[in-house]
Amino acid sequence: MGAHTGNRRCSPSTSTARRRTRPPASSAAVAARRPSSPTTKPISKDDAAEGKARTKQACSRRRDMEVRRKMEVLRRLVPSGSGGDDEVDELLLRAAGYITRLQAQVTVMQFMVDVLEDTKH
C-alpha cells in the first residue's frame with residue numbers, strides 16, 4: 001500500500017488494481033451500446049449524490065478495515081503486560097517504548113562486540 005497522500009479518494013492500489021483494463025471505446029461504439037428507448041431515465045443529481053455517498057462509505061469502510069488489520073498486527077508484535085484490547089494511543093505509546101528499548105539493546109550489544117574485539121588484539 002502506498003503512503004497516505006491526504007487524498008479523500010480510495011487508494012489506487014485497492015480500487016483500480018482489481019479492475020480489468022480494456023481499450024477506449026470509440027464514440028460510435030458507445031452510442032451503439034447506449035439504450036435508445038425513451039424509458040431510460042437520465043441520472044438525477046440526487047442519484048449522483050447518493051452514488052458518491054455510497055462510494056465514500058465504501059472507501060471509509062475499506063480504510064477502517066485496513067487500519068484495524070494493521071493495529072492487530074502491531075498488537076501481536078508489541079509485548080503487552082495486560083494483553084487486553086488497548087486503545088490506539090496506548091498501543092502506539094507501548095510500540096514506541098518497545099522500539100526505544102530494542103534500540104538500546106542493540107547499542108549495548110554493539111558496545112560489547114567492540115570491547116570483545118579490542119581485547120583479542
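Keep in mind that this is a model prediction, so the values were computed, not measured.
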Original post:
If you measure from the Lys or Arg side-chain nitrogens to the Asp or Glu carboxylate oxygens, is any gap between R69 and E72 under 4.0 Å?
Top reply: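 Not counted as a salt bridge, because no side-chain N and carboxylate O are separated by less than 4.0 Å.
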
Original post:
For V67, what are the other residues in its hydrophobic cluster, where any two members join if their side-chain heavy atoms are less than 4.5 angstrom apart?
Top reply: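 M71, L74, V78, V88, L91, L92, Y98, L102, listed by chain and number.
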
**OP:** Sequence neighbours left out, what passes side chain to side chain donor-acceptor pair (under 3.5 Å) with D114? Give chain and number order.
**Re:**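 Counting only residues at least two positions away or on another chain, D114 forms a side chain to side chain donor-acceptor pair (under 3.5 Å) with Q110.
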
Original post:
Residues in side chain to side chain donor-acceptor pair (under 3.5 Å) with R54, at least two apart?
Top reply: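 Only E50 meet the side chain to side chain donor-acceptor pair (under 3.5 Å) criterion with R54.
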
Subject >> Any donor-acceptor N/O pair, S60 side chain to K56 backbone, under 3.5 Å >> reply: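 Checked: no pair found.
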
Original post:
Which heavy atom in P79 sits nearest to a heavy atom in R94, and how many Å separate them?
Top reply: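 That closest heavy-atom pairing would be O-NH1, 3.1 Å.
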
Subject >> Heavy atoms of other groups near M112 CE, more than 12 under 6.0 Å >> reply: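 For M112, atom CE is not crowded (no more than 12 foreign heavy atoms under 6.0 Å).
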
